**Q** 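This is the structure I want to talk about, given as structure tokens.
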2 protein chains.
Amino acid sequence: MQLEDSSNSLQATLRQRRQRLACIIKTPVILWSGRAPDRNFPANRYPFRASSHFLYFAGFPLDNAAIRLENGKLELFLDDASPESALWHGEMPKRNEIAAKMGADAAYPLAELASRTANAATVAVQDIKTYQQQCQLLARTVAPANAPEGIDRELAKAIVSLRLSHDTEALAEIRQAAAVSVEAHLAGIKATARAKTEAEVRGAMEEVIIAHNMQCAYSSIVTVHGEVLHNERYYHPLQSGDLLLADVGAETPMGWAADITRTFPVSGKFSSTQRDIYDLVLAAHDTCIEKMRPGVEYRDIHLLAASVIAEGLVELGILRGNPTDLVEMDAHALFFPHGIGHLLGLDVHDMEDLGDLAGYEAGRTRSDRFGLGYLRLDRPLRAGMVVTIEPGFYQVPAILNSPEFRAKYQDVVNWQRLERFRDVRGIRIEDDVLVTESGTEVLTARLPNAAEEIEALF
Amino acid sequence: MQLEDSSNSLQATLRQRRQRLACIIKTPVILWSGRAPDRNFPANRYPFRASSHFLYFAGFPLDNAAIRLENGKLELFLDDASPESALWHGEMPKRNEIAAKMGADAAYPLAELASRTANAATVAVQDIKTYQQQCQLLARTVAPANAPEGIDRELAKAIVSLRLSHDTEALAEIRQAAAVSVEAHLAGIKATARAKTEAEVRGAMEEVIIAHNMQCAYSSIVTVHGEVLHNERYYHPLQSGDLLLADVGAETPMGWAADITRTFPVSGKFSSTQRDIYDLVLAAHDTCIEKMRPGVEYRDIHLLAASVIAEGLVELGILRGNPTDLVEMDAHALFFPHGIGHLLGLDVHDMEDLGDLAGYEAGRTRSDRFGLGYLRLDRPLRAGMVVTIEPGFYQVPAILNSPEFRAKYQDVVNWQRLERFRDVRGIRIEDDVLVTESGTEVLTARLPNAAEEIEALF
Ligand SMILES: [Mn+2]
Ligand SMILES: [Mn+2]
């Protein structure tokens, strides 16, 4: 851990965050950072990732630590490294130094936590070893984070209300993640000219992230099969008629994420059919961002994207009928089957560990409509929110070859015309958008997304 | 998963491995592959890594699968992906296709496993969710892998006896991992000339591994503070007098590892003190490899390295006395505090999940001597073993500033002379060595290790 990175402003921000929490919740709160899970043997672990809720209030990615928050006060529970650990891992900052950096009011060894757990609310961590410790120390079965109960549910709601809008410190981190992600994408586009496989482009992109001492915020998607939405295979060769879809984002050392997708032609030049669809997806993207401002329902932004896509597909002769009717019958979702985006923050799908508690306004639940059920965010926008806008067009075999869908959409799809677009397997354009008082700021705007601009990068 | 990679020879090898197992153990054996642990939320997981014992007998990194072995027969238990999964993750090979590729005798959905668990031995996996399933299905508390009991212990010993010597298929995989790791190190050395931080060199090295569609076999060490043995920090700037220690290794898609360390001057030129120590470490490295052949005790190879280092340090005026006496009193370990190496295979410390069952010959246990206690392998070498040889020299503050060590080694260290070597914080030279019938083959020999050769790469 690099303590030098911390600043007085971080300390002030952390204090402000816990004071805001104290205004909402009166019970003590204990948050655990977790530990790195073992990979193939205990000395060979996955890279440590502290729990996001811990990071939000503690600021630093401390391994196997806990913080206790009450009335705006912070107590840190952390063991100093053993002398033997200094041999293998070097001298680590001491508990008291770290506590000072985060503006803690007190600091204790972990063992002290046992006597300070009465009536405390918590959020279950993902790491099971630490989760077992949470249950043991709190002397109750803590429900999983996506179904919190009692005071834990109150805490989760309080944290959501804070984390939904980002403070200056958070935005500074997200901007850093965005800047490095933009560099990674530029390197990926540049590498495509000489790359022979998806893996080589991925290597060029992740190199940039690693070189900036960041991690990937999620498993990169770098694929000529963009129609596989969460494709994590990288072995396909690049062929000149292919589009390459790259969904790659960096995470800062303090845990803040960016999330960018670009789709570009392997040859450096879109075919006319690829260009037609690309321009349509970009139109949906731009139209959505234009309409965003505080108070606008994100769900309406999603439906706006659906309309633009339906209208465009009618113009291209792929869909038949009235765009409004087509959206109502979810015909757009044959080609755009996911939501327009999601919250972004410490998690790439921010607070998705809490299920839909963060993404869905109180009283709202997921739609069972094919064209809405995958929407991850259904709230009115507010200033300080960062969301992704990521419309797409995909020819997903599991959808387009499904007898059920074929029957239902028999007449509204011109299947023969669609054939002519077979070199468009998947396109997505994704940017990270801050909602401001007056509208939006695209945090990833430095990365071109217009077709000509992308071609010009080759 | 890329099934096309598989071959008839893999199938034959897998059959041979399970037949060899059947000769040693008569009870049925069930091995689980495990699942990827959640990172910050359930949809954002760490990269999946199948359990090594599963990989050894199943060949393919199948997520959430099990195999049952009995009398040389293989049954595969795996669920076909759901139709919804095809939307997000694409079409996956079906259970029966996979079973055919691995030469399975039968294949069932996972739920069928419950009725086939009687009297089965197993190895506990690292992933806790799957471990809980193991206990539940076997209706007993499975002891952790590093302390197996009863039939599980018999199984662990049987697996060790197989995995200690590598077959042709395994060696082909390790050679691939070694070849890519060599490329990564060459790229790292090349990148150092223009890099400003450790992270940038790490990026250049890991890019090569990712571009070959491999993963890192372990968390890379790329540091100007080589004296921190397991340094996982990458933010330090590179300064012209620094040595950069890079311990980076690739893992093939099927799970086989390489493990290479090189130490090189940031400026491209060793100082005379750095060169003196570097040449000494290399002499220890070369002397060890020269003496290796079947039947030689690995512990003696470790002690040989200790002797060469002690002798060299006497010649350099850093230690005083008779080298043999110095080794006996562990004076070498002040500067070379770890073991000369370890087994290498599916795990970078092969089978270390089983504690010392693999590393230590039956009846042997760890020494409590400072200069021997960290030795990870204490067995006679045999043909087909792959081990690392990785002598080093480090000025570890936790050791050299320890009042206890200072007192004990007061007279044998020339502390004033040592001062002149302060620009040598840590040097390690590590190669992967196959023991052959007649001697050794260095699998990583294509990567230069002589000081002049390394300087010539700049
Ligand atoms: Mn996204
Ligand atoms: Mn090693």
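Order of the sequence lines sets the chain letters (A, B, ...), proteins ahead of strands, with each chain counted from 1. Computed from a prediction, not measured in an experiment: that's the story for all the values here.
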**Q** Tell me, side chain or backbone of B/Pro337 under 4.5 Å from chain A's heavy atoms, or both, or neither?
**A**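 Only the side chain of B/Pro337 comes within 4.5 Å of chain A.
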**Q** Between A/Glu232 and B/Arg45, is a salt bridge (charged side-chain N to carboxylate O under 4.0 Å, His left out) present by the stated rule, with each step listed?
**A** CA-CA 12 Å; A/Glu232 292 181 13; B/Arg45 298 183 171 195; over 6 Å; no
**Q** Have a look at A/Phe41 and tell me which of B/Leu354, B/Asn146, B/Val348 forms a side chain to side chain contact (heavy atoms under 4.5 Å, CB included) with it.
**A**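 Looking at B/Leu354, B/Asn146, B/Val348, the match for A/Phe41 under the side chain to side chain contact (heavy atoms under 4.5 Å, CB included) is B/Val348.
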**Q** Quick check against the 3.5 Å criterion: does B/Tyr234 have a side-chain atom that pairs as donor or acceptor with the backbone of A/His212?
**A**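 The answer is no, because no donor-acceptor pair under 3.5 Å joins these two groups.
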**Q** Can you say whether B/Lys129 sits under 4.5 Å from chain A via the side chain, the backbone, both, or neither, judging by heavy atoms?
**A**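 When you check distances to chain A, atoms from both the backbone and side chain of B/Lys129 fall under 4.5 Å.
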**Q** Specify the closest pair of heavy atoms between B/Ala199 and A/Ile210, including all atoms of both residues, with the distance to one decimal.
**A**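 Smallest interatomic distance, heavy atoms only, reads CB-O, 3.5 Å.
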**Q** Just by modelled atom types, is the A/Glu207 backbone N or O under 3.5 Å from a matching donor or acceptor in the B/Arg202 side chain?
**A**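 Side chain of B/Arg202 to backbone of A/Glu207: no pair is present.
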**Q** Out of curiosity, B/Asp38 CG to A/Asp353 CG, how far, rounded to the nearest 0.5 Å?
**A**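 Output value for this atom pair is 10.0 Å.
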**Q** For B/Leu87, is it the side chain, the backbone, both, or neither that has a heavy atom closer than 4.5 Å to a heavy atom of chain A?
**A**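 Both backbone and side chain of B/Leu87 come within 4.5 Å of chain A.
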**Q** Check whether any side-chain heavy atom of A/Thr197 sits under 4.5 Å from a side-chain heavy atom of B/Asn213, and report yes or no.
**A**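 A side-chain contact is absent here, since even the closest heavy-atom pair is not under 4.5 Å.
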**Q** Check whether any side-chain heavy atom of B/Asp127 sits under 4.5 Å from a side-chain heavy atom of A/Pro37, and report yes or no.
**A**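 No, side chains not in contact.
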**Q** Below 4.5 Å, heavy atoms only, C-beta onward: do A/Ser51 and B/Asn40 meet side chain to side chain?
**A**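 They are not in side-chain contact.
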**Q** Against chain A, label B/His53 side chain, backbone, both or neither, depending on which of its atoms sit under 4.5 Å from a heavy atom there.
**A**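 The answer is neither part of B/His53.
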**Q** Determine whether a donor-acceptor pair (N or O, by modelled atom type, separation under 3.5 Å) exists between the side chain of B/Tyr46 and the backbone of A/Ala36.
**A**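 Checked: no pair found.
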**Q** Please rank B/Glu91, B/Glu352, B/Arg39, B/Gln132 by heavy-atom pairs under 4.5 Å with chain A and give me the top one.
**A**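 Answer, by heavy-atom pair count under 4.5 Å with chain A: B/Arg39.
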**Q** Tell me which of these, B/Ser219, B/Gly90, B/Ala398, has more heavy-atom pairs under 4.5 Å with chain A than the rest.
**A**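 Option with the greatest count: B/Gly90.
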**Q** With the side chain counted from C-beta on, respond yes when B/Pro42 and A/Gln126 share a heavy-atom pair under 4.5 Å apart, and no when they do not.
**A**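 A side-chain contact exists here, since the closest heavy-atom pair is under 4.5 Å.
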**Q** Main chain of A/Ala217, side chain of B/Asn44: is a donor-acceptor contact present, judged purely on distance under 3.5 Å?
**A**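 Yes, the answer is positive, given that a donor and an acceptor are paired below the 3.5 Å cut-off.
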**Q** Parallel, tilted or perpendicular: which fits the ring planes of B/Tyr374 and A/Trp88, with parallel below 30° and perpendicular above 60°?
**A**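 Because their plane-to-plane angle is over 60°, the rings of B/Tyr374 and A/Trp88 count as perpendicular.
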**Q** Heavy-atom pairs under 4.5 Å with chain B - which of A/Ser52, A/Pro397, A/Pro47, A/Ala145 has more of them than the others?
**A**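 With the most close heavy-atom pairs to chain B, the winner is A/Pro47.
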**Q** Is there side-chain contact between B/His89 and A/Asn231, with heavy atoms separated by less than 4.5 Å?
**A**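 Heavy-atom side-chain distance check fails, nothing below 4.5 Å.
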**Q** In terms of heavy-atom pairs under 4.5 Å, which option from A/Val201, A/Val396, A/Asp347 contacts chain B the most?
**A**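 Looking at each option in turn, the highest pair count goes to A/Asp347.
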**Q** With chain B as the partner, which of A/Gly203, A/Pro144, A/Ala86, A/Ala191 has the greatest number of non-hydrogen pairs under 4.5 Å?
**A**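 Winner by heavy-atom pair count: A/Gly203.
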